[in-house]
Amino acid sequence: MGTAVQLAGKVVAITGGARGIGRAIATAFAAEGAKVAIGDIDKKLCENTAAEIGNGTIGLPLDVTDHGSFEAFLDTIAATIGPVDVIVNNAGIMPITPFGEESLESIQRQLDINVRGVIWGSQLAVARMKPRGGGVIVNIASAAGKMGVPGLATYCATKWAVVGLCESLTLELKDDNISVVCVMPGVVNTELVAGLEKHWLLGIVQPEDIAAGVLKAVRKGKFPVMVPKKLGPLLRTTAMLPRSLYGPAARSLGMDHFMLDAHGTSARAAYEDRASHSEPSSE
């Protein structure tokens, strides 16, 4: 987009908005005067979160793995507060498990929520934005969409898919005045990192940091958003390393066991159980 996007009055739809990053993004947009709608499979929590955010925020039921549910979500928003100007595809799950032990259900669930849900959300948004002359699609990927992490093989695959989707759409939709924002957080202080020790290099950022990055990117039409910013140089450096050096570098950074150390711990039990049955907010 050629000029800065004004957020006040914009209609913003956010998936997985009842918790974590989704909630923080919704709060930030609402504070800027946007008309915000959050969707989540946990209908009651979604409604409570919307009421707590205030500023006219509405909470609606949404299952991103059900195409009809996603259509109804966007149609209800259009009928209630107006056609969507910005969609944030945020819903996602992150089980931690050695790949050889991962269940078929876990693999399928991540593909359904983390990939299919984002693709459907993006496509449904395009269908509504094109006739109106433009809009913004924000897809929450991950730093794991640019580097492999033991214990997160399937999750990494889903986030690489999101990055690839965004790369393609940013080129394809340019002439339609639809801006695409790809957000790649590192370790964020939400349920998804339950049981993880603080990494000496990556550290931990807050959901509000991601929300601030999203708002800035939407305003300026910026494509890649790395939070924290130091992820950018780190990912560029690792991408340039030859394969013979990548493994030793990952080990020296502690990335070969960072996630796996949390596998099976009591601290992750509640999250892992809910992720296998519901739709936690992303990151």
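These numbers come from the heavy atoms of this one structure, side chains and all, not from hydrogens, waters or symmetry mates. One-based numbering along the sequence shown.
For the side-chain contact (heavy atoms from CB on, under 4.5 Å) with Val88, the lone residue among Val138, Ile137, Ile38 that qualifies is Val138.
Contact of the Val225 side chain with the Lys216 side chain is not registered, since no non-hydrogen atoms from C-beta on lie closer than 4.5 Å. Under the 4.5 Å side-chain criterion, counting only non-hydrogen atoms from C-beta, Gln110 is in contact with Pro95. Under the 4.5 Å side-chain criterion, counting only non-hydrogen atoms from C-beta, Val180 is in contact with Leu173. The shortest distance between side-chain heavy atoms of Pro228 and Asp209 does not fall below 4.5 Å. A 4.5 Å side-chain heavy-atom check between Pro207 and Thr190 finds at least one atom pair inside the cut-off. Contact of the Ile113 side chain with the Val64 side chain is registered, since non-hydrogen atoms from C-beta on lie closer than 4.5 Å. In this structure, the side chains of Leu196 and Met259 come closer than 4.5 Å at one or more pairs of heavy atoms. At least one side-chain heavy atom of Val183 sits under 4.5 Å from a side-chain heavy atom of Ile210.
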Ignoring hydrogens and angles, write down the donor-acceptor pairs under 3.5 Å from the side chains of residues 69-78, residues two or more places apart or on other chains.
| unit_1 | atom_1 | unit_2 | atom_2 | d |
| --- | --- | --- | --- | --- |
| Ser69 | OG | Asp63 | N | 2.9 |
| Asp75 | OD1 | Arg128 | NH2 | 2.9 |
| Thr76 | OG1 | Ala72 | O | 2.7 |

Contacts under 3.5 angstrom, residues 6-14 side chains, donor-acceptor by atom type, not counting sequence neighbours:
none

Show me the donor-acceptor pairs, under 3.5 Å and distance only, between side chains in residues 24-37 and residues at least two apart or in other chains.
| unit_1 | atom_1 | unit_2 | atom_2 | d |
| --- | --- | --- | --- | --- |
| Thr27 | OG1 | Arg23 | O | 2.9 |
| Glu32 | OE1 | Arg219 | NH2 | 3.0 |
| Glu32 | OE2 | Arg219 | NH2 | 3.3 |

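Applying the salt bridge (charged side-chain N to carboxylate O under 4.0 Å, His left out) definition to pairs two or more places apart or across chains, those involving residues 171-186 are Lys130-Asp176. The ring pair (Phe, Tyr, Trp, His ring centres under 6.0 Å) contacts involving residues 91-136 comprise His67-Trp120, where partners must be two or more places apart or lie in separate chains. Legend: salt bridge (charged side-chain N to carboxylate O under 4.0 Å, His left out) pairs involving residues 134-154, not counting sequence neighbours: none detected.
Listed for the Asn90 side chain is a donor-acceptor partner under 3.5 Å among the backbone atoms of Gly16. Judged by distance alone, with hydrogens and angles left aside, the side-chain atoms of Asn189 form no donor-acceptor pair with the main-chain N or O of Gln206 at under 3.5 Å. Here the side chain of Ser106 pairs no donor or acceptor atom with the backbone of Ser103 at under 3.5 angstrom. Judged purely by atom type and a 3.5 angstrom limit, Thr65 has no side-chain atom pairing as donor or acceptor with the backbone of Asp112. Here the side chain of Thr170 pairs no donor or acceptor atom with the backbone of Cys166 at under 3.5 angstrom.
Annotation for Ala267 and Ala194: closest pair O-CB, 3.4 Å, computed over non-hydrogen atoms. Among all heavy-atom pairs drawn from Ile93 and Ala275, the shortest one is CD1-O, 3.8 Å. When every heavy atom of Gly59 is checked against every heavy atom of Cys46, the shortest pair comes out as CA-SG, 3.7 Å. In terms of heavy atoms, Leu165 sits closest to Asn139 at CD2-ND2, 4.0 Å. Residue Met184 comes nearest to Leu231 through the heavy atom pair O-CD1, 3.8 Å, listed as atom of the first residue, atom of the second, then distance. Across all non-hydrogen atoms, the minimal contact from Met147 to Leu235 is SD-CD2, 3.4 Å.
Atom OG in Ser122 sits 9.0 Å away from atom CE in Met129 (nearest 0.5 Å). Taken to the nearest 0.5 Å, the CG atom of Asp40 stands 11.5 Å off from the CG atom of Asn48. Ile178 CD1 to Ile87 CD1: the interatomic distance, rounded to the nearest 0.5 Å, is 11.5 Å.
With sequence neighbours excluded, no residue forms a ring pair (Phe, Tyr, Trp, His ring centres under 6.0 Å) with Trp160. With sequence neighbours left out, Thr154 forms a side-chain hydrogen bond (donor to acceptor under 3.5 Å, both in side chains) with Glu102. Under the salt bridge (charged side-chain N to carboxylate O under 4.0 Å, His left out) criterion, Asp85 pairs with Arg132, sequence neighbours left out. Under the rule for a side-chain hydrogen bond (donor to acceptor under 3.5 Å, both in side chains), the partners of Asn114 that lie at least two apart in sequence or sit in another chain are Thr158. For Glu272, the salt bridge (charged side-chain N to carboxylate O under 4.0 Å, His left out) partners two or more places apart in sequence, or in a different chain, are Arg268. Partners of Pro242 according to the side-chain contact (heavy atoms from CB on, under 4.5 Å) rule, which considers only residues two or more places apart in sequence or in another chain, are Ser244, Leu245.
Side-chain heavy atoms closer than 4.5 Å link hydrophobic residues (I, L, V, M, F, W, Y) into clusters, and following such links, even through other members, never connects Met94 to Leu260. By the criterion of side-chain heavy atoms lying less than 4.5 angstrom apart, applied directly or through intervening Ile, Leu, Val, Met, Phe, Trp or Tyr residues, Ile53 is not grouped with Leu215; the two fall into different hydrophobic clusters. Placement of Leu192 and Val149 within a single hydrophobic cluster is found when ILVMFWY residues are connected by side-chain heavy-atom separations under 4.5 Å, directly or transitively. In the hydrophobic clustering of ILVMFWY residues, with side-chain heavy atoms under 4.5 Å counting as a link, Val193 and Met226 come out together. Follow the hydrophobic side-chain contacts under 4.5 Å out from Leu60 and you never reach Leu45; the two are in separate clusters.
Shown here is Gln123, whose CD atom has no more than 12 heavy atoms of other residues, nucleotides or ligands within 6.0 Å.
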Q | Audit row: Leu171, Glu167, side chain to side chain contact (heavy atoms under 4.5 Å, CB included) steps and yes/no | A | CA-CA 7 Å; Leu171 296 173; Glu167 293 278 6; over 6 Å; no

